[in-house]
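Following: one structure in structure tokens, then a few remarks.
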Number of protein chains: 2
Amino acid sequence: MTDTLDMVFAALADPTRRAILSMLLEDDMAVTDVAEPFEMSLAAISKHLTLLTRAGLISQEKRGRVKWCKLEPDGLRAASVWMQGFGQFEPVNLDAFERFLATEIPDAARDDG
Amino acid sequence: MTDTLDMVFAALADPTRRAILSMLLEDDMAVTDVAEPFEMSLAAISKHLTLLTRAGLISQEKRGRVKWCKLEPDGLRAASVWMQGFGQFEPVNLDAFERFLATEIPDAARDDG
DNA sequence: GTCATATTTAACCAAAAGGTTGACGATTGG
DNA sequence: CCAATCGTCAACCTTTTGGTTAAATATGAC
């Protein structure tokens, strides 16, 4: 599963990972905090996060001993374009979406603090 | 995997199934004809088609001994909506998000379109 | 009726997915 | 330094996925 579309769609196929993405929509989070609401081990969440990172849907940056997870909305672009091919759907307007995040959810749109 | 989004995204995660959907974009096809370009048994393709049907992405209608496969683009809608919002359980953001849809993506915000 | 065609089902298999626990390396704080 | 915290890795397990082949079912053609 090295193809981008394969990885993105597979990443989205799991409800835990979709929930993680929704959480990250509000704000960047540390791995431990991402894991907190789930009834599942930290190791399992860590694997989900690795998979989301490889799919390009999030990025992870280590600061001190804490690893911060950040949504990468642009990771959806290839999938969105593919779905557009089916006609009747509008593309996900990611540029506009990021502007939306910046104005409506200032914390989540921080670039560098 | 009974959740609709799970099934749709999982269905899209396989390159064979995406190729099948692309083929059906051009025209309805019989199972045998769908299978023809693939280097894989007819039984395998039959399973892929069953999965696509359960995900709501295609429908199959038997006429005589031939089973016709037809694209159901509307099956992508839930996935498309999820991707637009990148998640849906943020009550605070919903109003703003709909305003966002209305201004940036007029077509997608139609209720009866 | 018999044979060919279209498709599914059953039994099987290897590999991948998703989870567990426990040990480990890195970092921070007292 | 020592202990606690953060996160990953390794080993393992079970279930699902994606494929195979062979047999079965249903229909059409002659």
Side-chain angles (χ1 to χ4, degrees), chain A residues 1-24 27-71 79, chain B residues 1-24 27-71 79:
Chain A
M1 175 117 59
T2 56
D3 180 87
T4 299
L5 283 178
D6 290 5
M7 289 195 299
V8 169
F9 283 129
L12 296 179
D14 185 276
T16 299
R17 288 191 292 263
R18 287 198 307 278
I20 291 173
L21 292 175
S22 293
M23 290 164 59
L24 292 176
D27 209 348
D28 300 357
M29 294 177 78
V31 172
T32 301
D33 295 328
V34 169
E36 198 274 329
F38 297 99
E39 296 191 342
M40 172 184 318
S41 70
L42 181 62
I45 296 295
S46 176
K47 283 192 200 176
H48 282 304
L49 290 169
T50 298
L51 202 148
L52 286 168
T53 300
R54 278 195 282 136
L57 294 173
I58 69 169
S59 59
Q60 293 182 284
E61 182 200 355
K62 190 167 182 180
R63 287 207 299 271
R65 62 183 163 179
V66 173
K67 202 163 181 180
W68 293 90
C69 305
K70 178 181 184 337
L71 202 61
Chain B
M1 175 119 57
T2 56
D3 181 87
T4 299
L5 283 177
D6 291 5
M7 289 194 299
V8 169
F9 283 129
L12 297 178
D14 185 276
T16 300
R17 287 190 293 263
R18 287 199 307 277
I20 290 173
L21 292 175
S22 293
M23 290 164 60
L24 292 177
D27 210 348
D28 299 355
M29 295 178 78
V31 172
T32 301
D33 296 327
V34 168
E36 197 274 328
F38 297 98
E39 295 192 343
M40 172 184 319
S41 69
L42 182 63
I45 296 294
S46 176
K47 284 192 198 175
H48 282 304
L49 291 170
T50 298
L51 200 148
L52 286 168
T53 300
R54 278 195 281 136
L57 293 173
I58 68 169
S59 59
Q60 293 182 283
E61 182 199 356
K62 192 166 181 182
R63 286 208 299 272
R65 60 183 165 180
V66 174
K67 203 164 183 179
W68 293 91
C69 305
K70 178 181 179 347
L71 200 61

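The structure displayed is predicted, hence computed values, not measured ones. Naming: A, B, ... by sequence-line order, numbering from 1 per chain.
Side-chain contact between Lys67(B) and Leu49(B): absent, with no pair of heavy atoms (C-beta onward) separated by less than 4.5 Å. Between Ile20(A) and Phe38(A), the closest side-chain pair of non-hydrogen atoms falls below 4.5 Å. Looking only at side-chain heavy atoms (C-beta outward), Arg63(B) and Trp68(B) come within less than 4.5 Å of each other.
If you check residues 39-49 of chain B against DNA chain C, the residues with a heavy atom closer than 4.0 Å are Leu42(B), Ala43(B), Ser46(B), Lys47(B), listed by number. Shown for residues 51-69 of chain B: residues whose heavy atoms fall under 4.0 angstrom of DNA chain D, namely Lys62(B), Gly64(B), Arg65(B).
By the side-chain contact (heavy atoms from CB on, under 4.5 Å) test, Lys70(B) pairs with Asp28(B), Ser59(B), Glu72(B), sequence neighbours left out. Every residue was checked against the side chain to side chain donor-acceptor pair (under 3.5 Å) condition with Thr50(B), not counting sequence neighbours, and none meets it. Evaluation of the salt bridge (charged side-chain N to carboxylate O under 4.0 Å, His left out) rule for Asp33(A) yields no partner, not counting sequence neighbours.
The CG-P distance, from Asp14(A) to dT16(D), rounds to 13 Å in whole Å. Taking atom CD of residue Glu36(A) and atom C1' of nucleotide dG7(D), one finds them 16 Å apart after rounding to whole Å.
Nearest heavy-atom pair across Ala44(A) and Met40(A) is CB-CG, 3.3 Å.
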Checklist entry - Are Phe9(B) and Arg18(A) close enough, and set up right, to give a side chain to side chain contact (heavy atoms under 4.5 Å, CB included), and what steps lead you there? => result CA-CA 11 Å; Phe9(B) 283 129; Arg18(A) 287 198 307 278; 4.1 Å; yes
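Going from atom CE of Met23(A) over to atom CE of Met29(A) covers 3.5 Å, rounded to the nearest 0.5 Å. Note that the CG atom of Leu57(B) and the CG atom of Leu52(B) stand 6.0 Å from one another [nearest 0.5 Å].
For DNA chain C, the span of nucleotides reached by chain B at under 4.0 Å from its heavy atoms goes, 5' to 3', from dA4(C) to dA11(C).
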